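Keep in mind that what you see is a predicted model, and the values were worked out from it rather than measured.
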Amino acid sequence: MKRSFFLAMVVAMLAIIAAQDVFAANQLGIKLPEDPTKAYITLGILVIAAIMFFTEVVPLPITALLVPVALSLTNVISSKVAFSYFGDPTVVLFMAMFIVGEATFITGFADKVGALAVRLSKGNPIKLLVYAMAAVGLLSSVLSNTGTTVVAVPMILGMCMKAKLAPGKVLMPVAFAASLGGTVTLVGTPPNGIINSMLSQTGQTPFGFFEFGLIGIPLLVAGLLYYGLIGHRFLPEGRQIDDAVLSEEAQPRRENKMWHAMAVFAFVVFMMASELVPLTTAAMFGACMMVITGCMTMREAFRSVDWTTIFLFAGMLSMSAAMDKSGAAAIVANAVVSTVSDPWLLMLVCCALTAIITNFMSNTATAALMAPLALPIALGSGISPLPIIMGIAMSASACFLTPIATPPNTIVLGPGRYTFLDYVKAGWPLQLITLIMCWLLIPLIWPFH
């Protein structure tokens with residue numbers, strides 16, 4: 001009864017917010033839906049899904065699967081569109097890299113890498129955590145943060161097994177470091193490219209390739225310091241250790257195929273880094289080669305895929321599409337942003353709203369939504385759009401409250417055996433830290449006037 005009352009109140013509040021400031025939106029040329037019914041339905045489904053995710057009244061994959069079911073039954077989006085995301089290239093990338101990663105374990109390659117990391121850190125779990133975060137964060141600054149994470153996960157799992165450390169104590173901060181590392185350069189994460197493109201379209205001078213690092217590097221350093229000094233205490237307890245060790249002992253070993261696995265893995269990494277072929281193509285070719293070369297069997301390949309991650313990501317991509325196509329995200333964002341005129345308050349609202357929306361929607365889609373919404377408001381207020389736009393770009397990547405906020409967050413969900421609430425418990429302090437840093441530091445680097 002209490003939960004139903006809470007849900008009704010939330011939906012009612014969203015409806016009230018969404019109904020405000022339509023005139024202001026029209027004045028700014030912001031496109032809002034003529035009939036907001038589908039937008040309200042989408043917001044209602046999102047709220048219900050969020051409650052189900054956090055309470056886990058049903059398993060996470062079932063909740064994720066019910067989202068496209070609900071969206072298609074209510075005609076928010078067609079059934080064809082709702083379920084098309086199970087073939088999305090990123091979903092296929094996840095599947096392929098689960099197979100490639102498992103092959104590195106079966107052949108003992110991941111164990112060797114893990115043993116090296118343990119020797120370098122002398123077995124200190126906090127050093128292991130910080131070293132892993134730093135390595136992934138730096139790689140993500142010049143490579144795709146998604147690609148870096150999928151490549152790093154099997155190596156980190158091997159490291160955790162050698163150190164007898166629960167993977168849950170390392171994987172989540174590593175995913176966060178990948179997202180923060182992506183903020184350092186133009187190519188690290190898609191939102192950076194999107195906001196640069198929008199600046200060019202409006203006649204503004206876009207940011208330089210490394211200019212993002214003026215705020216991206218401080219954010220990455222803050223993440224390293226936080227988890228190295230305090231944040232490791234908020235990570236899930238080591239309930240995964242025994243299972244991980246048992247899995248390692250039960251796994252059939254094919255160490256005679258280690259060099260084959262190393263060669264395939266190196267090829268996949270090179271192709272991802274050089275961008276000679278798309279990430280998904282490189283990963284799927286690597287998965288096929290792992291089976292062809294005898295590093296693993298087909299049965300092992302099928303078993304290696306973490307279906308919770310696949311269903312969660314694919315199911316919530318349909319919500320991202322519905323938020324965009326129904327106009328739900330635009331209505332909520334406009335209702336909040338268009339009522340603010342003070343530059344510092346506008347900065348805070350844009351950063352906070354971007355982070356909130358991104359925790360339940362694609363960060364790429366959120367940046368594409370928020371940037372054109374904030375640009376005319378900033379220009380109309382006579383202030384520079386650069387700090388506002390940079391704040392949106394950073395906030396679209398610095399999201400740590402849910403496993404669906406960014407691809408790196410989703411990738412570690414299964415291997416780390418996390419729950420939805422684990423992300424909230426471990427991520428909210430860093431979410432607050434990055435929000436405050438963006439709000440206070442960005443206008444000092446790129447002034448309003």
Task: Derivation of the side chain to side chain contact (heavy atoms under 4.5 Å, CB included) call for I392 and L353 - done: CA-CA 9 Å; I392 290 171; L353 191 58; over 6 Å; no
- [ ] Could you tell me the separation between the OG1 atom of T149 and the CD1 atom of I156, rounded to the nearest 0.5 Å?
- [x] 8.0 Å
Open item on the list: Any side-chain to backbone donor/acceptor pair from S197 onto G193? Under 3.5 Å, distance only.
Closed with: no
- [ ] Kindly compute the distance separating OG (S326) from CD1 (I41), expressed to the nearest 0.5 Å.
- [x] 9.0 Å
TODO: Would you confirm whether Y423, through its side chain, and N409, through its main-chain N or O, come within 3.5 Å as a donor-acceptor pair?
DONE: yes
Open item on the list: One pair to check against side chain to side chain contact (heavy atoms under 4.5 Å, CB included): V305 and I99. What are the steps and the verdict?
Closed with: CA-CA 7 Å; V305 177; I99 295 172; 4.2 Å; yes
Open item on the list: Going by ring pair (Phe, Tyr, Trp, His ring centres under 6.0 Å), name the residues that satisfy it together with Y226, two or more places apart in sequence or in a different chain.
Closed with: none
Task: Approximate separation, where rounding is to 0.5 Å, of T205 OG1 and N196 CG - done: 10.5 Å
- [ ] Could you tell me whether the side chain of D422 and the main chain of T419 form a donor-acceptor pair under 3.5 Å?
- [x] yes
Open item on the list: Test of understanding: with ring pair (Phe, Tyr, Trp, His ring centres under 6.0 Å), list the residues that count as partners of F267, not counting sequence neighbours.
Closed with: F285
Open item on the list: Please check: side-chain N/O of K169 versus main-chain N/O of L235, any donor-acceptor pairing under 3.5 Å?
Closed with: yes
TODO: Without swapping roles, check the side chain of S140 against the backbone of G137 for a donor-acceptor pair under 3.5 Å.
DONE: no
Open item on the list: Treating T402 as the side-chain partner and N359 as the backbone partner, does any N or O pair qualify as donor plus acceptor under 3.5 Å?
Closed with: yes
Task: side chain to side chain donor-acceptor pair (under 3.5 Å) evaluation trace for T148 with N145 - done: CA-CA 5 Å; T148 301; N145 56 11; over 6 Å; no
Open item on the list: Looking at Y418 and M172, would you say the former's side chain and the latter's main chain have a donor-acceptor pair under 3.5 Å?
Closed with: yes
- [ ] State, without any angle test, whether N192 and T189 hold a side-chain donor-acceptor pair at a distance under 3.5 Å.
- [x] no
Task: Under 3.5 Å: donor-acceptor pair, side chain of N363, backbone of T358 - done: no
- [ ] Kindly write out the residues that satisfy ring pair (Phe, Tyr, Trp, His ring centres under 6.0 Å) with F313, not counting sequence neighbours, or none if the list is empty.
- [x] F94
Open item on the list: Has T434 got a side-chain atom pairing as donor or acceptor with Q431's backbone, closer than 3.5 angstrom?
Closed with: yes
TODO: Give a yes or no on this: more than 12 heavy atoms of other residues, nucleotides or ligands lie within 6.0 Å of atom CZ of F209.
DONE: yes
Open item on the list: Please identify which of these residues, C351, C350, P387, P218, meets the side chain to side chain contact (heavy atoms under 4.5 Å, CB included) condition with C438.
Closed with: C351
Task: side-chain hydrogen bond (donor to acceptor under 3.5 Å, both in side chains) contacts in which one or both residues fall within residues 70-81, not counting sequence neighbours - done: none
Open item on the list: If the condition is ring pair (Phe, Tyr, Trp, His ring centres under 6.0 Å), which residues does F420 pass it with, not counting sequence neighbours?
Closed with: F53, F54
Open item on the list: Looking at S141, is its backbone amide N or carbonyl O close enough to the side chain of T185 to form a donor-acceptor pair, meaning the two atoms are under 3.5 Å apart?
Closed with: yes
- [ ] Assess whether side chain to side chain contact (heavy atoms under 4.5 Å, CB included) is satisfied between V264 and V100, documenting all intermediate values.
- [x] CA-CA 8 Å; V264 173; V100 172; 5.5 Å; no
- [ ] Check the surroundings of atom CH2 in W439: do more than 12 heavy atoms from other residues, nucleotides or ligands lie under 6.0 Å from it?
- [x] no
Open item on the list: Under the ring pair (Phe, Tyr, Trp, His ring centres under 6.0 Å) definition, can you give me all pairs with a residue in residues 348-369, not counting sequence neighbours?
Closed with: none
